[in-house]
Every structure is written in structure tokens, then in C-alpha cells.
Amino acid sequence: MSEDVAYTPFELMAVAGARELKNGEIVAVGLGLPVVATFLAKRTHAPDITIMFELGVIDPEPIHTGVGLADPRVWYRAKVLSSFVDMLGSVLHGGRVDVGFLGGLETDAYGNLNTTLLGDPKGKFRHFVGSGGANDIASSSRRTIIIIRHEERKLKEAVSFITSPGYIRGDGQRAQAGLTGGPSRVITDKAIFGFDPETKRMTLLSIHPGCALEDVLGTMGFKPIVPAHVPFTEPPTPEQVRIIREEIDPEGIYSG
Amino acid sequence: MSEDVAYTPFELMAVAGARELKNGEIVAVGLGLPVVATFLAKRTHAPDITIMFELGVIDPEPIHTGVGLADPRVWYRAKVLSSFVDMLGSVLHGGRVDVGFLGGLETDAYGNLNTTLLGDPKGKFRHFVGSGGANDIASSSRRTIIIIRHEERKLKEAVSFITSPGYIRGDGQRAQAGLTGGPSRVITDKAIFGFDPETKRMTLLSIHPGCALEDVLGTMGFKPIVPAHVPFTEPPTPEQVRIIREEIDPEGIYSG
Amino acid sequence: MDKVVTLSEAVASIPSGAHVALSGFAITRATMAFAAEVLRQGIRDLTVSQCVGAMDADLLVGGGAVSRILYGGGSLDRFGRLACVNRAIEEGSIVAEEYSSLSMVFRYMAGALGLPFVPIRSLRGSDTLAHLEEVAPSATAYVDDPFTGDRWLALRPLNPDVAVVQVQVADPEGNAWIYGPRWDNEEQVKASKRTIVITEQLVPTEVIRRDPERTVIHGFRVSHVVRLPFSAHPTAVYRAYDYDADHIRLYAEAAKTPEGMRAYLDKYVYGVKDHWEYLELLGGVRHLTKLAADPILGY
Amino acid sequence: MDKVVTLSEAVASIPSGAHVALSGFAITRATMAFAAEVLRQGIRDLTVSQCVGAMDADLLVGGGAVSRILYGGGSLDRFGRLACVNRAIEEGSIVAEEYSSLSMVFRYMAGALGLPFVPIRSLRGSDTLAHLEEVAPSATAYVDDPFTGDRWLALRPLNPDVAVVQVQVADPEGNAWIYGPRWDNEEQVKASKRTIVITEQLVPTEVIRRDPERTVIHGFRVSHVVRLPFSAHPTAVYRAYDYDADHIRLYAEAAKTPEGMRAYLDKYVYGVKDHWEYLELLGGVRHLTKLAADPILGY
């Protein structure tokens, strides 16, 4: 059975991400694992998913791996090639996006994302990619899913700079900012987290096979809510792993 | 010379309209004589004029006469086929239109246009075409030119319904409505009018050859400002008449 | 996902009282077969909207299916007025929210982009606005520019229940191309809760993927796809067929009086079972062949 | 009207201190030849803007021509960071107004449509907005929805002095087509006071008239048309040529240090007279032929 399948942590993350997507949903994705997860869902249980890239691309069928959204390789065989106003305006801001799939430098106990800078914003800092469409997707999607490496420096009590708001500091602060939706899942290479309906604080939902609770908690920068019973994450099926390796990411660039 | 040329009143109106257009200007036109006038200008002294139709057409070169803007005949050989948002939004509301060329059921002493209804708006009335893009063009063009038949019922002290504002009732009322620009000329089959810089009331500028001042004033519903000396309108040249008859409106639908 | 259905199935999805945005402009790409089927199914109390009124709205109003119209004015171009719409306005039998072309499309655009409102320079100082404020007090408001303090007219976003759009090319998912000017159609589709696509040509998605810059209607917005030839007749579909001038004249003449309109409806709408019978009544293939567009001219 | 000029003539029309909107997105359709010529002509103190920062902005910043950047963040995709832009921000040698992709394009859109401001849901609750309010207090404000009373963030319209856009097809008047996604380019052009079109293919207006639905740049908005092959190199132009991965890696490595960047500029920008010499330095026809796009794949 699936226990026998060998898979990488990234393949497990991609599969866990794919399981979060329902058929017929409209998904806004940045590049990397989110794309692998979304293509996997579309090729398995959710064939009617609509995949949207912010710069103006819907439902491409790439046959070569691209270096980023700007790479024509990822536009290949798209159904729509248009613009930011069309994608981020009429689809996202217009309220049509069900799921926003985001990664980042660091996230925190309330699902805020930082892709802008590390260090002291007022003093010495190192500047990175910034928002792109991430802030827009985090602000207007019905729900967002965060995929991030499970490291202490990446999972903090509070990010040093909020590029894309999650629940901010909890206490209804997201609603006060005029935003609905918010993060529903955080998927790492060790566990899957949700958010407490009341406090909006990150809550451990499942631990990946082979990981121990101490390991999960000992390698993050804050203490999430931990329920009495925490199940193991369902591992990938052989078919899911095959599709990732043979069809979606044959060069193993994102999931290797 | 040109005195010898036989021409119809409509041909004279078209020529007078063409003379108002400068090379390089962007012109928003409805169908009919305004189109004849604009194409004439483009084929003579103003080859770099940009002609725009509200529904999404730039610089067509029709070879057949159309029944209206919706007729594919008038889109033939266009450089751009797009949309209302592109034309009326990014070109007109964006502030790029130099001249709006309008006709109507009736206009008045302050250059307001009515294309909506005749009769009592609160009681018995007959409803017509309404605004289309006319109100937008009258509101956002740098200047507008009105072409209309010279009849008492069409040239009134005050129109019964302002579809497209001119100077409203004068006294800076147009500016109070947040509008700049306004009508610069009214061209009829008997005369050409401008507007007084102060009062914004219609002012007689020239009388077409063969018309008498009494005839002009006696066949309109209000008294315009009449300067001491009123010249005759310059008649069409043989070349202008030839271009209208042979190239622009060979079937004489608009200028016959 | 294959969304291809018959016209009657697509029309049956529209409840009485719905707000329907129509793709027609005067005598081009008007949803005529759709309008006729709406009348045959007895759907009532519709709100219809389009930037410039077209023959589809006139037929629906003439058939008594409309209680409210939002439009920027309109006509049958040189064939005449929208006689049924104008008569209904004059008699007060429908509520007419009259706008300008830009103010209508800005309302659709605001609805499409999720803007809470959109400022506009048009309408101010006009009786069109004064009348609009009476019949639709909640459609407009005033807002101060937070940067300059200037006062602007603000329009409320418009989100129709369904857009019905006549296109030249679509795939079974509803991804569609429109040849020629698109007037307000893109904004109508993006503002509407769902869209019914009526297409001349039905192509595999493979064809759409060959020229995706042309895809102005996204499949995910579409609930039904209907493939029906000459479904805009007697209006024109650029690059497919020309308008049927004789039939539009016949309609314009009939529509001048309620009796004439009644007779037109009895013969061309209620007198036929469906669009196929309508096409035969016109003279079938022999007549329609005369309307086929020239591949270069597009009409 | 024929507006075809050389790149140096077009660049010479841009005064120091101007606001220039650039068409690049990361490693695609970046205005590289333009940026190099700006540096050779010693134009300074520019404000540059684009929704997503690209290699063109990085080269201009690396060459010291930029004092302010408005962008939504950006990178060289997997080739690395925008090292020069990031270093300049870290050192405070340029002012950076950071937005998101949508808030940037909404500012262009408001400028294009003549809207006094545009409400948006993005940015609120973020440090991106907090930082923006510090460096550009006049770029944003708050406005109450006159229909619901809800408070919205409002963006000020953006009207650059000139848009510089890399396209695949243009005619001598500047009517132009863009193949592939257009990201913010249409809104940049429509918002800008004028546009410089840099095209791979120069075609007669006759060709434009054959497919006018594709014309996303209107000739009347264009002041100069430059026909220059591989003018986006080393970035990609869809359906024309692929990105030059080796050269981008070489650039990304060099840009990591001021010294490395200096050496890159001395060799590839100041070390050549013009774009033609640059192409020869790369290896001329023999090297460029390897980058030619496959007609089906587009890369």
C-alpha cells in the first residue's frame, strides 16, 4: 500500500496541498510547489479546477519546467493570455478566487506572510522579492493555503514585516482591515496546521509520517495550539507520486 | 472659382465641419454628417486626424456606406477594434479627445443637446434615441461641434430635455457641474454659430452664401448674439465637393 | 467540462424576475433567438441591461417580458427607433433607467473589478441624471476626491444575474472569442454572476489554446454554451453573416403599432416551435445563404 | 505618420528626472537595449515604474540612473534577486515605493481612465502600506463608500511621462500588438503622456488593419517607434526569442557586488557604442540564432 511508496518531503507537501483543493475551484498560484500541487489536483480528483497566474494566464499545460511566471514555458497551451487587470482585477478583486496558494520567507502564528525583508525595517535589513500579487491574493481570496519549509527562522511568533496579511495579530484585526477570508492551512515538510476559529492562532492538525511531535514543535519559532490527539498526515499514493515525477516535475526542480 | 461649384446645403455643412478640425486631433464622432466632415478633413488638410467611434473602432476606411455605428461596413479596415472602456474610458474620459462631433433633435442658446424626448418629460412626450455616447462626449471632449438642421423647432431658447450639456443656462453652470470644454461651434444649413466667451450664449459667426440675415434669424426659435458685421461662410471648393461625392458618400446618403 | 445544451435548456435556467445583460448593439450581435425563446417559455418581469439598446431588448419588451430596462439609449440605426422600448417608456409600462454608454459600462466595470463604486465625469448637469435620480435613487451618489476635495458623481457597481452573449467562436467549456468591436460585452460577462454563450462556431478547446490572446470570455464564468446558427438574425454577426435589411424593415414597420407587433410576434415568435422552424419560415438555407458574410469584408 | 527613429534618437527625447514606465516583467520583454542607451547617454534622476520589477529596472538602478522606483516587488525569477534594486533600497540610495501587482496596475488604470482615484481592498493591514504611507504620503488616502459607508483605501492615479514598451509587432505610426500575457503594459501606455514602442517586427499599417482586435497600443499615443532585433536580450520575447540563461546568470553573479556590476557595465554597456556592437560582443548572429523561438512553443 501507500506505506511502501518512497516520496520526498516536497512530494508530500505537494500532495497535501492538492488534497486541499476541491473540484471546480478557481486557484490563484505563484510558482513552485503551489503549481505542482494544483496541477496534481487537476490531474487527479479535481479536473475542473481553474488555474490562474497573476500576469494573465489561465489553465496552461506546460511541457517544460519554467524558471518563473515570466517564463513563456509556463504559459504554453493556456486558454487565456491577458493581463493583471483581467486576472487580479476581474477574477481576484472581483471575488472569484476560491483559493490563493502562497509561499514566503517567513510566516507566523497568525498566518501573516513576509516576502519583503529580513532584519530591522528601520535599520539594517536585507530586501527580497516583495509582494508581487501575494498581498492581493492574501487580501481577496476566499481562503489561502501557505506552503513553507519547516524551520525555526521561517515559522515565527510574529514576522518582521507583514507583506501579505493573515489574521494580523488575531482579535478580529483582519476584519477591522476590511478583509474577509484568510489563511486556512499552513503546510510544511513536517506537519499541517490550521487556525483556531476563535483566536485565529495556528493549530497543529497533523504530523507527517516519520516525524515526532517534539521534532515538529522543537523546530518552529513559536508554540502553536496542540490538540490532545494529533493524527498522522495521509501519505501520498503511488499514483500521486508517479504523476508528480513523470508528468508535472520530471526534472525534480520543485519537488525533488 | 469655388463660386461656380454647385453644392448641397449638407455638403456645405460637411465642409464647414471639416474646416474646424486641425491636423493631428483626436475626434469622437457619431454617424452621419460628422463622419463625412471628419473623413473629408482627413483626406484633405488633416491626414493625421484620429477618428474614434464609441463602440471600439479607430480609423476605419469604409468602402460601403453603413446604416449606423453597429454596421460592420463602418468598421472596415480599422486600425483598432476594441471596446467602450477602451474608447470612451481610456481615450475620452482619459482626456485625449480634442473634438466631439454631435448632432441632435434640438439644441439651444447655450449649446445644450437633446436626443432623448420631445414634449413634456413629466407628462405626454415622445421618446427617441437617448444619449448613447453623446453625453459622455459632450462632458469630456476638449470642445464639441454641433451639426443640426436650421429649423425653428430644432434651435430653441431652451431644449425640453438636456441629454448632453453645453453651457447649461450660462453663468458658469457648466463649470459648476465639474465640466471643462463645451461647444465651440454650431453648424446649420444656413449659418455657423459660436459662443460668447462671457455669457456663453450662441453667437452668429457667418451666414452661408445665398442666405439672408432675416432668413437665418427668422427660422430659429431664439435670438442669438448678432455682431455688427457678419461675413459669409466660405463655400466648398470643387475638390472638397468631388471628394465627398466620389469617395466619402457616393450614394449621397448623408450629404445628398 | 462540457456545457453544451440546447437553447431551450439554457433559457429554462432563467427565472422570471432575473436581471439579464444582453450583448446586442442596435442591429449587431443581438440575442434574437434567445429573446424569442424567452417569450415562448413565458418568462416574465425581467430586468434587461446593455450599454446601447438593441433589437433583442426591443423584442423582449414588445413581448411583454420586461419590467425594467437599464440602457444608454438606442435605436435600430437608420432602420428606425426601438419602437417597443420607446412606446413602453412613453406609456410608463416599464421603468427605464437611462444612462450614457460610458456610465453604463463603468457600472459593469465596477461590478467586474469588485470596486465598491466608480467616479465619473459624465451625466452631471444633464436631465438624464435628474431623471435617473428619480427612477433609481440608489444607482448614483456623490463622493469627494480624497486627494483634491473635488466632488464627483459616483456610480454603483452592476452585477446582473446572467449575461447572454452572442459570439463567433466558443469551446464546450465556454471559453469564447468575439470578432469585431466588443462594446460592453467583456464587462457584462465579468460583472455577471454567470454567462450563457450563444455561438456560431463550436470548436474544441484545442483551438482556443492556439490563440489564447483572443479569449475574452473565460470558461469558468459560463454556465451554458449553445451552438445555434443565425441565432442573431435579423441582426448581423461580424465575419459570420450580414443583417437581414428586409426583415429589420419588416420588423420596424410592424413594431410601430401594438397590433403590428402582435402580428409579428404571432408569426415569427409564437408561430414557430423553435429557432429551426423560424429559419425555415424565413426561407431556410436558400434565404440565409444570401446573408453569409464575405470573408474579407466581414459582412 | 511615420515615427520610426533610431534607439538613440528615441532615448534622447527623455530628459533627466522623467518618470518612465517600463514594460519588463522579471526576465521577459524587459527594455534592456533602451536601459543600456539611457546609461550611455548619461540620463539621470529617473523615476521608473512597473508592476513587477524586471531586469531593465535593475540595470538602470545598477547604472545609477534612478532616484525613485515604484513597483510591486520583483526578481529575476530563479536566476536570483534584483540585486542592484535591493542593494539600493538597503543602502537607501533610491526611494522605493513598494506596492502589490494589483495596486500598481490600478494606479495605472485610474490614470488611463481619467479616474480621480480608485478604491482597492489590497494593502490594508500590511506593513507594505505602512511603509508606503511613509515614503509616499500622497499616493494613498481613505474614502467612504457613498453607498454603504464602508471605509476603503483609495489610490491616486499614476500618469508617467513616458511608457517604454517592448512589443513583437508595430507599424510606423506605433499601432502595436503584444503576443502573450500583457501584464500591466496596456494600462502603462494608456496612463502615460506618450509612449516609445520598441519592436521586433516593423510592419505596414496594412498588416495592422488585417487583425485590428490585436491592436493594444494605439498609434496616437506613440511618439517614437524603434525597430531593433533582440532589444530585450538577455530577457525573452514570446514568439521571437528565448531568454539567454547563460547571460542572465552572468549578470546575476556580477550584480551581487558593486565591483562586479561596475565590470559588467564597463563591458556590456559602456564598452560598446550601441546595441549592434552589443550583439556582436555576445557572439553575433551565430549566438543569437540559438535563442530564436520555436514557432509552436513560442520560446
Side-chain angles (χ1 to χ4, degrees), chain A residues 31 53-57 63-64 66-73 75-76 78 80-89 92-93 112 114-117 119 121 124-140 159-165 168 173-174 176-179 253, chain D residues 25-28 51-54 71-79 81-82 85-87 89-90 96 98-106 109 120-128 130-131 150-153 179-187 235-236 238-239 242-243 245 293 297-299:
Chain A
L31 212 69
F53 295 151
E54 64 175 273
L55 73 170
V57 180
I63 58 171
H64 298 112
V67 297
L69 290 185
D71 189 334
R73 284 159 186 73
W75 314 338
Y76 187 57
V80 177
L81 290 177
S82 60
S83 68
F84 276 125
V85 168
D86 189 27
M87 297 294 104
L88 295 181
L92 178 68
H93 204 262
N112 302 296
N114 173 18
T115 48
T116 301
L117 59 84
K124 196 150 175 46
F125 63 86
R126 184 162 160 81
H127 193 275
F128 294 89
V129 61
S131 165
N135 172 280
D136 308 305
I137 290 167
S139 301
S140 291
V159 291
S160 46
F161 188 99
I162 298 180
T163 308
S164 306
I168 311 180
Q173 282 189 25
R174 182 179 172 89
Q176 286 156 35
L179 304 176
I253 290 184
Chain D
F25 182 107
I27 49 124
T28 299
C51 280
V52 169
Y71 79 138
S75 72
L76 297 179
D77 281 342
R78 291 178 82 85
F79 293 111
R81 304 158 70 213
L82 295 175
V85 170
N86 283 319
R87 185 162 49 242
I89 292 174
E90 290 158 11
E98 268 194 79
Y99 297 83
S100 62
S101 298
L102 182 63
S103 48
M104 270 300 296
V105 80
F106 264 13
M109 182 186 76
I120 188 168
R121 195 181 301 110
S122 302
L123 298 183
R124 292 185 62 185
S126 73
D127 291 323
T128 306
H131 181 260
D150 294 343
R151 175 140 275 224
W152 282 74
L153 181 68
Y179 295 135
R182 300 174 292 284
W183 35 92
D184 53 353
N185 292 178
E186 265 182 81
E187 289 71 28
T235 69
Y238 182 56
R239 293 200 204 174
D242 199 1
Y243 48 81
L297 299 175
Y299 53 86

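Basis for what follows: all heavy atoms, side chains included, without hydrogens, waters or symmetry-related copies.
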Task: Validation row: A:N112, A:I168 side chains within 4.5 angstrom (heavy atoms) - done: yes
TODO: Considering only heavy atoms and a distance below 4.5 Å, find which of A:D71, A:D136, A:L88, A:L92 pairs most often with chain D.
DONE: A:D136
Task: Choice from A:S140, A:A134, A:P121, A:G119 maximising heavy atom contacts with chain D below 4.5 Å - done: A:S140
- [ ] Under 4.5 Å, counting heavy-atom pairs only, tell me which of D:I89, D:L102, D:T128 racks up the most with chain A.
- [x] D:L102
- [ ] Counting only heavy atoms closer than 4.5 Å, note whether A:V129 contacts chain D via side chain, backbone, both or neither.
- [x] both
Open item on the list: Does any part of the side chain of D:L123, heavy atoms only, come nearer than 4.5 Å to the side chain of A:S139, both counted from C-beta?
Closed with: no
- [ ] Select one option (side chain, backbone, both, neither) describing which atoms of A:R126 are under 4.5 Å from chain D's heavy atoms.
- [x] both
Task: Contact winner vs chain D - A:G56, A:P165, A:G68, A:G130, heavy-atom pairs under 4.5 Å - done: A:G68
TODO: Side chain from CB out, backbone as N, CA, C, O: work out which of these in D:R81 comes under 4.5 Å of a heavy atom of chain A, or both, or neither.
DONE: side chain
- [ ] Report the option among A:A70, A:G89, A:A138 that has the most heavy-atom pairs separated by less than 4.5 Å from atoms of chain D.
- [x] A:A70
Task: pair A:E54-D:V52: side-chain heavy atoms closer than 4.5 Å - done: yes
TODO: Considering only heavy atoms and a distance below 4.5 Å, find which of D:G53, D:A26, D:G180, D:S103 pairs most often with chain A.
DONE: D:G180
TODO: Measure distances from D:I120 to the heavy atoms of chain A and classify the residue's part below 4.5 Å as side chain, backbone, both or neither.
DONE: both
Task: Under 4.5 Å from any heavy atom of chain D - which part of A:Q176 - done: backbone
Task: Among the listed options D:E98, D:E186, D:R124, D:M104, the residue most often paired with chain A at heavy-atom distances under 4.5 Å - done: D:R124
Open item on the list: Name the residue from D:F25, D:F79, D:Y299 that meets the ring pair (Phe, Tyr, Trp, His ring centres under 6.0 Å) definition with D:Y243.
Closed with: D:F79
TODO: State, yes or no, whether a side-chain contact exists between D:D242 and A:R73 at a heavy-atom distance under 4.5 Å.
DONE: yes
Open item on the list: Less than 4.5 Å apart, side chain to side chain, heavy atoms only: is that true for D:T28 and A:W75?
Closed with: yes
- [ ] Counting only heavy atoms closer than 4.5 Å, note whether A:T116 contacts chain D via side chain, backbone, both or neither.
- [x] side chain
- [ ] Let me see the working for D:L76 and D:L82 under side chain to side chain contact (heavy atoms under 4.5 Å, CB included), right down to the final yes or no.
- [x] CA-CA 6 Å; D:L76 297 179; D:L82 295 175; 3.7 Å; yes
Open item on the list: Distance alone, cut at 3.5 Å: any donor-acceptor contact between the side chains of A:S82 and A:D86?
Closed with: yes
Open item on the list: On a heavy-atom basis, which atom in D:L297 and which in A:I63 lie closest, and how many Å separate them?
Closed with: CD2-CD1, 3.9 Å
Task: Exam field: side chain A:H93 to backbone D:R121, donor-acceptor pair closer than 3.5 Å - done: yes
- [ ] Would you mind checking which part of A:F125 comes under 4.5 Å of any heavy atom in chain D, side chain (CB onward), backbone (N, CA, C, O), both or neither?
- [x] both
Open item on the list: For chain D, which candidate among A:F53, A:F161, A:Y76, A:F128 shows the most heavy-atom pairs at distances under 4.5 Å?
Closed with: A:F161
Open item on the list: Please rank A:L179, A:I162, A:N114 by heavy-atom pairs under 4.5 Å with chain D and give me the top one.
Closed with: A:I162
